Amino acid sequence: MDSPGPCGDQLLASPAAAERPSELAALRALVDRVRAGEVEAAREVRRLTRASARHRRKLAAAVEPLVAMLRSGAPDAGEAALLALLNLAVRDERNKIKILDAGALEPLLDYLQSMDLNLQEYATAAILTLSASSTNKPLISASGAIPLLVKVLKEGNPQAKNDAVMALYNLSTIADNLQAILSVQPIPPLIELMRGGKRSSKTADKCCALLESLLAFDQGRVALTSEEGGVLTIVEVLEEGSLQGREHAVGALLTMCESDRNKYRDPILNEGAIPGLLELTAHGTPKSRVKAHALLDLLRNSPYSRSKMQPNTLENIVSNIASQIDGEDRGGKAKKMLAEMVKVSMEQSLRHLQRRASFA
């Protein structure tokens, strides 16, 4: 692991210091002003580090006095320090670690609970950025941040909700955190957030990625199927999402069906998942294709082999596509067989469209 960023004498000893002594003297003076509690100095740190990796390195010495300012409790000082720390942490692993080592987590959690939605938003963005560090994830997880992030997901402003999802996703990569996330009922607000935005957005991608992990647990599957329009929303991402989002959406549905085919087959079919799955077998990522084939096979109604199935049934058409789509001209085959499938399943499609309209 890299050592914490340079400060003070270390700055002067660097080659860059020899080249730009006046700049380094100005940056050292700026850090001293932050240390003295000057709010305008914190704002200047924020400005300098907004788009400059070089300044993030050179102003790493400002982290500890900024954290002290963050702890001060003064609204203006706290906001200025929070925004400066956020910029210092962006794309800088050493600063991310240094910020938590300086004791920023406790005041950040306080700001997550602020009645000022702007401060809450900035704190959520800071937790998101800091949680990208594998070193920080266990510390943030153990701090009690998860319930607060889910609360922001439920009640925060739009940007805070988006950042809360991404922070929760970062923390969900620690397997032990999944139960902690599930315990605070995140699935209804996740579905609500997906409904309110574009199915192809990065937020939808992260929502589906998080759901794919949460649906490995019975509590998660029950919560999703109990939420009106829950399965439907995932099916919509399956059809309209980004390549990454569709991969997570089919993974979420497959996880459900693999856990209990008899229980979850009909809820998935009833939301019209077949067309999206068929397209995914031809145009998805390699992982999506494998998952789509596996799910199509699970969704077949007949317990018998494909050769024993009656021709012209929906299940037979789906099975044929799943088995034949690996050949050349996959797109052409998919289109032809999809047309067949739509003709056979017109009633199901109409019911699906009516159900979607009720959620519009």
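Quick caveat, the model's predicted, so the values are computed rather than measured.
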- Query: Does the pair Thr225 and Met256 meet the rule for a side chain to side chain contact (heavy atoms under 4.5 Å, CB included), with working shown?
  - Reply: CA-CA 10 Å; Thr225 52; Met256 291 177 65; 3.7 Å; yes
- Task: Given side chain to side chain contact (heavy atoms under 4.5 Å, CB included), test Ile234 with Glu271 step by step and report yes or no.
- Result: CA-CA 9 Å; Ile234 296 179; Glu271 299 300 1; over 6 Å; no
- Task: Evaluate the salt bridge (Lys or Arg N to Asp or Glu O under 4.0 Å) criterion for residues Arg35 and Asp32: first the C-alpha distance (whole Å), next the side-chain angles of each, then the deciding distance (0.1 Å), finally the verdict.
- Result: CA-CA 5 Å; Arg35 192 172 284 115; Asp32 287 340; 2.9 Å; yes
- Evaluate the side chain to side chain contact (heavy atoms under 4.5 Å, CB included) criterion for residues Leu59 and Asn95: first the C-alpha distance (whole Å), next the side-chain angles of each, then the deciding distance (0.1 Å), finally the verdict. CA-CA 10 Å; Leu59 286 167; Asn95 280 350; over 6 Å; no
- Task: Report the C-alpha distance between Gln120 and Leu117 in whole Å, list the side-chain angles of each, state the deciding distance to 0.1 Å, and finish with yes or no for side chain to side chain contact (heavy atoms under 4.5 Å, CB included).
- Result: CA-CA 5 Å; Gln120 185 186 80; Leu117 292 184; 3.7 Å; yes
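In terms of modelled atom types and a separation under 3.5 Å, the side chain of Arg33 and the main chain of Glu38 share no donor-acceptor contact. With Asp297 contributing its side chain and His293 its backbone, the two residues share no donor-acceptor pair below 3.5 Å. Arg265 places no side-chain N or O within 3.5 Å of a backbone atom of Cys257 that could act as its donor or acceptor partner. In this structure a side-chain-to-backbone donor-acceptor pair under 3.5 Å is missing from Arg261 to Ser259. Although no hydrogens or angles enter the test, the distance criterion places a donor-acceptor pair under 3.5 Å between the side chain of Arg199 and the main chain of Met194. Side-chain atoms of Ser172 come within 3.5 Å of backbone N or O of Tyr169 as a donor-acceptor pair. Looking only at distances, no side-chain donor or acceptor of Arg195 sits under 3.5 Å from a matching main-chain atom of Thr233.
Residues Leu298 and Glu258 meet the side-chain proximity criterion, which asks for heavy atoms closer than 4.5 Å. With contacts defined as side-chain heavy-atom distances shorter than 4.5 Å, the pair Asn162/Leu193 qualifies. A 4.5 Å side-chain heavy-atom check between Glu247 and Lys291 finds at least one atom pair inside the cut-off. Taking 4.5 Å as the limit, some side-chain heavy atom of His55 sits within range of a side-chain heavy atom of Leu27. Residues Leu278 and Ile274 form a side-chain contact, since some pair of their non-hydrogen atoms from C-beta on lies under 4.5 Å apart. Annotation: side chain of Ile181 is not in contact with side chain of Leu149 (no heavy-atom distance under 4.5 Å). Between Leu224 and Ile191 the shortest side-chain heavy-atom distance falls below 4.5 Å. In this structure, the side chains of Lys263 and Arg221 stay at 4.5 Å or more apart for every pair of heavy atoms.
Placement of Val184 and Val165 within a single hydrophobic cluster is found when ILVMFWY residues are connected by side-chain heavy-atom separations under 4.5 Å, directly or transitively. Leu112 is connected to Leu105 through a chain of hydrophobic side-chain contacts under 4.5 Å among Ile, Leu, Val, Met, Phe, Trp and Tyr, so both are in one cluster. Hydrophobic clustering of Ile, Leu, Val, Met, Phe, Trp and Tyr side chains at less than 4.5 Å, counting indirect connections, unites Ile127 with Leu100. Connection of Val250 to Val290 is not established within any shared hydrophobic cluster, with ILVMFWY side chains joined at heavy-atom distances below 4.5 Å, either directly or through further cluster members. Each of Val237 and Met166 belongs to its own hydrophobic cluster when Ile, Leu, Val, Met, Phe, Trp and Tyr are linked at side-chain heavy-atom distances under 4.5 angstrom.
The stretch residues 73-91 participates, sequence neighbours left out, in no salt bridge (charged side-chain N to carboxylate O under 4.0 Å, His left out) pair at all. Judged as a side-chain hydrogen bond (donor to acceptor under 3.5 Å, both in side chains), the pairs with a partner in residues 141-153 (not counting sequence neighbours) are, in order, Ser141-Asn177, Lys151-Glu155.
Nearest heavy atom pair, residue Ala102 against residue Val67, reads O-CG1, 3.3 Å. Here the closest non-hydrogen pair linking Thr124 and Ala164 is CG2-N, 3.5 Å. Of all heavy-atom pairs spanning Leu253 and Val235, the tightest one is CD1-CG2, 4.2 Å. For Arg56 against Asp92, the heavy-atom pair with the smallest separation is CB-OD2, 4.0 Å. Taking all atoms of both residues into account, the shortest heavy-atom contact from Ile99 to Ala89 is CD1-CB, 3.7 Å. Between Leu70 and Ala81 the shortest heavy-atom distance is N-CB, 3.8 Å.
Rounding to the nearest 0.5 Å gives a distance of 10.5 Å between CD of Glu236 and SG of Cys208. We find the CG-CG distance between Leu277 and Leu299 to be 6.5 Å, quoted to the nearest 0.5 Å. In this structure, the separation between OG on Ser131 and CG on Leu139 is 12.0 Å, given to the nearest 0.5 Å. With rounding to the nearest 0.5 Å, the separation of CG in Asp110 from CD in Gln113 is 6.5 Å. One finds the OG1 atom of Thr255 at 6.5 Å from the CG atom of Leu215 (value rounded to the nearest 0.5 Å). We find the CG-CG distance between Leu88 and Leu66 to be 6.5 Å, quoted to the nearest 0.5 Å.
A donor-acceptor pair shorter than 3.5 Å can be found between the side chains of Glu93 and Ser133. There is a side-chain donor-acceptor pair under 3.5 Å between Glu121 and Asn157. Arg47 and Asn87 share no side-chain donor-acceptor pair at under 3.5 Å. Side-chain contact, Lys137 with Thr173: a donor N or O sits under 3.5 Å from an acceptor N or O. A donor-acceptor contact closer than 3.5 angstrom links the side chains of Gln159 and Asp163.
Open room surrounds CD on Glu192; 12 or fewer heavy atoms of other groups in view lie less than 6.0 Å from it. Around atom CD of Glu44, more than 12 heavy atoms belonging to other residues, nucleotides or ligands sit under 6.0 Å away. The environment of NZ in Lys202 is sparse: at most 12 heavy-atom neighbours from other residues, nucleotides or ligands sit within 6.0 Å. By the 6.0 Å contact criterion, CD on Glu106 is open, its count of non-hydrogen atoms from other residues, nucleotides or ligands being 12 or less. Within a 6.0 Å sphere centred on OH of Tyr111, heavy atoms belonging to other residues, nucleotides or ligands number more than 12.
Applying salt bridge (charged side-chain N to carboxylate O under 4.0 Å, His left out) to Arg246 and the options Glu240, Glu279, Glu239, Glu212 leaves one that passes, Glu279.
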